[in-house]
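Written below as structure tokens is the structure these notes are about.
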Amino acid sequence: MVREASSDEEDDNQALVPEHEVTPLSPRHDQRQFGALEIANGLRVRISRRLRYRRWQWYLLAICLPLVLILVFFSLDLGRLFRGITIIRADSPGDRMREAELRALFLLRNQELGLLHLWNQTVPRSRASLPSIPSPPSNNSSSATVIADLPGTPVPASLEEFRSALLEQIKLNKQIQAALLSPHRGRNASLESVDDNVDAYLSGTGVGVCRKVDRPTNRRTIEWKPKKDRFLFAICLSGQMSNHLICLEKHMFFAALLGRVLVFPSHKLDYDYSQVLDINHINQCLGREVVISYDDFVVKMKYKLKIDRFICYIANPPCYLDEEHVKRLKNMGISLGKIEAAWSEDAKLKMQKKRVVADIMPKFSSDDEVIAIGDMFYADVEEEWVMQPGGPIGHKCKALIQPNRLILLTAQRFVQTFLGSNFIALHFRRHGFLKFCNVKKESCFYPIPQAAECILRVVERANVPVIYLSTDAGESEANLLQSLVVFDNKLVPLVKRPNHNSVEKWDALLYRNHIGGDPQVEAMLDKTISAMSTVFIGASGSTFTEDILRLRRGWGVASHCDEYLCKDELPNFIAETE
């Protein structure tokens with residue numbers, strides 16, 4: 001091809017006609033020119049070929065080099081090669097351990113400073129010299145020192161404050177342990193989540209963990225100033241005593257709203273409330289007569305008994321009254337007015353509507369002498385207001401509804417005899433609870449071994465020597481539970497209230513006043529003992545438990561460790577439904 005190209009150029013040169021006549025070149029000169037052209041063309045072709053070859057080499061290198069680097073990165077621990085630099089594999093066990101050690105060191109320095117502050121508060125302020133220690137490490141300082149007894153450090157004014165300060169150091173120590181353990185918890189473990197739940201790990205001290213819950217200072221209340229000649233007749237029919245007490249509390253709220261005296265029902269229609277409740281206590285707390293017994297009502301009405309009007313909160317059935325209870329009222333000599341629902345449209349609803357005071361007043365305000373509103377247990381009305389600690393009504397006592405004085409004294413004597421000041425109360429509901437719990441979305445009936453584990457966790461936090469057991473469980477279940485409640489290689493006694501024995505005097509008051517052995521008195525006694533405990537474990541879904549919690553909140557003895565049995569857990573085995 002070189003030769004062909006050269007030949008073509010020669011033909012072109014010969015075809016050109018010069019503008020001026022020139023002497024023709026000699027043949028020798030033509031040969032030299034042809035040789036030079038041939039060399040130049042060959043050199044250009046070789047250079048072009050080399051450039052193309054080297055370009056492919058660069059492309060190949062650019063593709064292979066990243067692959068080689070990736071293979072090197074995953075096959076070598078670069079942290080070992082560049083230990084003095086910041087190129088480290090963050091998830092390697094050694095690096096995570098080193099990070100945990102540094103955090104633990106930081107926390108230890110903080111704990112050292114905090115403990116020295118506490119120590120200095122036990123030493124007279126007149127000491128001439130105070131030790132200085134390095135300040136806790138921070139991002140902005142490296143060698144600064146601080147005086148251990150810092151000015152402005154609050155001196156604990158009481159033993160409780162000093163215990164609280166020590167508790168903070170215990171928590172800090174738990175954070176240190178968590179930091180050192182963090183590399184062993186797995187790659188996805190969150191150290192901060194461990195630190196935020198330090199209370200769950202505190203055991204054997206009881207310091208601050210199970211302290212009392214502060215009573216609310218801004219309780220929302222209503223004044224109860226009834227007209228002496230206007231009455232609200234209480235009717236409570238649903239369930240057992242605990243349900244009826246909730247119903248009565250809602251009746252009291254309505255009586256206060258409507259300015260009426262509340263009439264407690266007769267034992268012919270309901271329970272004998274005078275045996276289980278301190279009715280006079282309610283009037284004493286408000287400084288006026290706001291509730292009366294059925295017998296007093298009979299006297300005030302001069303034996304002309306009547307209920308002028310039924311304004312039913314529950315629409316279906318109206319006032320939750322059935323034919324049997326209507327017949328009982330009539331047999332007691334009470335003439336009955338018309339029974340009608342306040343919201344007739346509610347009869348078609350499956351769930352009760354939530355109501356507020358603005359809904360209630362227009363419907364229930366009446367100038368009739370005696371009215372009734374029916375069973376209120378299922379009424380969903382101002383729940384936060386009604387169920388708050390101390391109740392919705394303004395009064396000067398801790399709790400408005402509380403046990404009969406004889407029951408209260410008997411409970412105190414039982415605690416002094418069998419339990420002492422530091423005990424857990426456990427409401428362990430079993431009878432009828434299996435079926436009740438298993439139809440719920442989340443069952444609340446736990447196998448006994450699982451229940452024992454949950455109880456032991458509370459025992460560990462509360463540091464108590466004994467448990468009061470309020471239960472309807474059979475002997476086989478109670479005995480199995482007792483055998484499994486073992487803490488620190490010691491059996492934690494489960495104390496049940498014994499049957500009456502004339503030799504033991506703790507329950508003498510009840511039998512001397514002829515109310516001992518009554519089932520409702522016994523149930524209220526169980527509630528009262530449980531309410532006096534250091535920590536209470538209840539049964540989720542039980543109104544018996546809710547009544548105990550109401551008393552504890554009202555008396556100001558509720559604990560931060562109070563909880564439902566196995567809270568936030570599901571039973572580890574659930575039977576199929578029928």
Take Thr417 and Glu504 through the test side-chain contact (heavy atoms from CB on, under 4.5 Å) and record every step on the way to the result.
CA-CA 10 Å; Thr417 303; Glu504 298 175 353; over 6 Å; no
Quick one: do Cys236 and Asp270 satisfy side-chain contact (heavy atoms from CB on, under 4.5 Å)? Show the steps, please.
CA-CA 7 Å; Cys236 297; Asp270 201 343; 3.8 Å; yes
Determine whether Tyr294 and Met332 make a side-chain contact, defined as any pair of heavy atoms from C-beta on separated by less than 4.5 Å.
yes
Ile246 versus Leu248: any side-chain heavy-atom pair under 4.5 Å?
no
Please tabulate, one pair per line, all N/O donor-acceptor pairs under 3.5 Å involving side-chain atoms of residues 480-491, not counting sequence neighbours.
from: Gln482; atom 1: OE1; to: Leu494; atom 2: N; distance (Å): 2.7
from: Gln482; atom 1: NE2; to: Val492; atom 2: O; distance (Å): 3.0
from: Ser483; atom 1: OG; to: Leu480; atom 2: O; distance (Å): 2.6

List the steps and the verdict of side chain to side chain donor-acceptor pair (under 3.5 Å) for His427 and Thr545.
CA-CA 7 Å; His427 176 215; Thr545 282; 2.7 Å; yes
Between Lys505 and Ser502, is there a donor-acceptor pair closer than 3.5 Å when you use the side chain of the first and the backbone of the second?
yes
Over all heavy atoms of both residues, which pair between Ser559 and Val535 is shortest? Give the atoms and the distance, please.
OG-CG2, 3.8 Å
Just by distance, no angles: are the side chains of Gln520 and Gln240 close enough, under 3.5 Å, to form a donor-acceptor pair?
no
Would you name the heavy atoms of Ile339 and Pro318 that are closest together and state the gap between them?
CG2-CB, 3.9 Å
Looking at every non-hydrogen atom in both residues, tell me the closest pair between Trp555 and Met532 and how far apart they are.
CZ3-CG, 4.4 Å
Run the side-chain contact (heavy atoms from CB on, under 4.5 Å) test on Val263 and Leu232 for me, step by step, so that the C-alpha distance in whole Å, both residues' side-chain angles and the decisive distance to 0.1 Å come before the verdict.
CA-CA 6 Å; Val263 180; Leu232 175 62; over 6 Å; no
Does Asn316 offer a backbone N or O that forms a donor-acceptor pair with the side chain of Asp346 under 3.5 Å?
no
Sub-3.5 Å donor-acceptor pair from the side chain of Thr410 to the main-chain atoms of Asp507, do we have one?
no
Cut-off 3.5 Å, no hydrogens considered: what does the side-chain donor-acceptor table look like for residues 386-399, sequence neighbours left out?
from: Gln388; atom 1: OE1; to: Arg220; atom 2: N; distance (Å): 3.3
from: Gln388; atom 1: NE2; to: Arg220; atom 2: O; distance (Å): 2.4
from: Gln388; atom 1: NE2; to: Trp385; atom 2: O; distance (Å): 3.1
from: Gln388; atom 1: NE2; to: Gly391; atom 2: O; distance (Å): 3.3
from: His395; atom 1: ND1; to: Cys397; atom 2: N; distance (Å): 3.2
from: His395; atom 1: ND1; to: Cys397; atom 2: O; distance (Å): 2.9
from: His395; atom 1: NE2; to: Gly390; atom 2: O; distance (Å): 2.9

Using the test side chain to side chain contact (heavy atoms under 4.5 Å, CB included), find all partners of Asp296 that sit at least two apart in sequence or belong to another chain.
Ile292, Ser293
Is there side-chain contact between Phe445 and Arg429, with at least one heavy-atom pair below 4.5 Å?
no
Indicate every side-chain donor-acceptor pair of residues 373-383 with a distance under 3.5 Å to a residue at least two apart or in another chain.
from: Asp375; atom 1: OD1; to: Phe377; atom 2: N; distance (Å): 2.8
from: Asp375; atom 1: OD2; to: Leu237; atom 2: N; distance (Å): 2.6
from: Asp375; atom 1: OD2; to: Ser238; atom 2: N; distance (Å): 2.8
from: Asp375; atom 1: OD2; to: Ser238; atom 2: OG; distance (Å): 3.0
from: Glu382; atom 1: OE2; to: Val357; atom 2: N; distance (Å): 3.1

Test: Lys306 and Asp308 ion pair at under 4.0 Å
yes
Could you check whether atom CD of Gln416 has more than 12 heavy atoms from other residues, nucleotides or ligands sitting under 6.0 Å from it?
no
Check whether the side chains of Thr577 and Asn438 place a donor and an acceptor atom closer than 3.5 Å, and report yes or no.
no
Could you check if a side-chain atom of Phe536 sits within less than 4.5 angstrom of a side-chain atom of Leu549, using non-hydrogen atoms only?
yes
Can you confirm whether Val299 sits close enough to Asp295 that some side-chain heavy atom of one is under 4.5 Å from a side-chain heavy atom of the other?
no
Of all pairs that satisfy salt bridge (Lys or Arg N to Asp or Glu O under 4.0 Å), the ones with a partner from residues 526-543, not counting sequence neighbours
Arg497-Asp526, Lys527-Asp547
With sequence neighbours left out, write down each residue that passes ring pair (Phe, Tyr, Trp, His ring centres under 6.0 Å) with Phe264, or none if nothing qualifies.
Tyr273
Checking Asp359 now: which residues fulfil side chain to side chain contact (heavy atoms under 4.5 Å, CB included) with it, not counting sequence neighbours?
Trp343, Arg355, Val356
Under a 3.5 Å distance rule, please check whether Asn513 uses its side chain to pair with a backbone N or O of Ile515 as donor and acceptor.
no
Test ring pair (Phe, Tyr, Trp, His ring centres under 6.0 Å) applied to Phe428 - qualifying residues, sequence neighbours left out:
none
Start with the C-alpha distance between Thr543 and Asn243, add both sets of side-chain angles, then the distance that settles side chain to side chain donor-acceptor pair (under 3.5 Å), and finish with yes or no.
CA-CA 6 Å; Thr543 52; Asn243 297 30; 2.7 Å; yes
If the condition is ring pair (Phe, Tyr, Trp, His ring centres under 6.0 Å), which residues does Phe414 pass it with, not counting sequence neighbours?
Phe418, Tyr468, Trp506
What's the shortest heavy-atom distance between Tyr511 and Gly517, and which atoms?
OH-N, 3.6 Å
Examine distances only and state if a side-chain atom of His251 and a backbone atom of Cys247 form a donor-acceptor pair shorter than 3.5 Å.
yes
Restricting to pairs with a member in residues 224-244, which pass salt bridge (Lys or Arg N to Asp or Glu O under 4.0 Å), not counting sequence neighbours?
Arg230-Asp367
Who passes side chain to side chain contact (heavy atoms under 4.5 Å, CB included) against Ala558, sequence neighbours left out?
Val213, Arg552, Arg553, Asp562
Around atom CZ of Arg405, are there more than 12 heavy atoms of other residues, nucleotides or ligands at under 6.0 Å?
no
Side chains of Arg260 and Ser366: closer than 4.5 Å at any heavy-atom pair?
yes
More than 12 heavy atoms from other groups under 6.0 Å of CD on Glu323:
no
Under a 4.0 Å N-O cut-off, is there an ion pair linking Lys300 with Glu369?
no
In chain order, what residues pass the side chain to side chain contact (heavy atoms under 4.5 Å, CB included) check against Glu324, with sequence neighbours excluded?
Asp322, Arg328
Please report the C-alpha distance between Trp224 and Leu262 in whole Å, then the side-chain angles of each, then the deciding distance to 0.1 Å, and finally whether the side-chain contact (heavy atoms from CB on, under 4.5 Å) criterion is met.
CA-CA 11 Å; Trp224 190 358; Leu262 182 65; 4.1 Å; yes
Could you pull out the closest heavy-atom pair between Ala234 and Pro265, with the gap in Å?
O-CB, 3.6 Å
Does a side-chain heavy-atom distance below 4.5 Å link Tyr303 with Val298?
yes
Heavy-atom nearest pair, Cys566 first then Ala451, reads SG-CA, 4.0 Å
Heavy atoms from other residues, nucleotides or ligands near NE2 of His431 exceed 12 (cutoff 6.0 Å):
no
Is it true that, when you exclude Lys440 itself, more than 12 heavy atoms of the residues, nucleotides or ligands shown sit nearer than 6.0 Å to its NZ?
yes
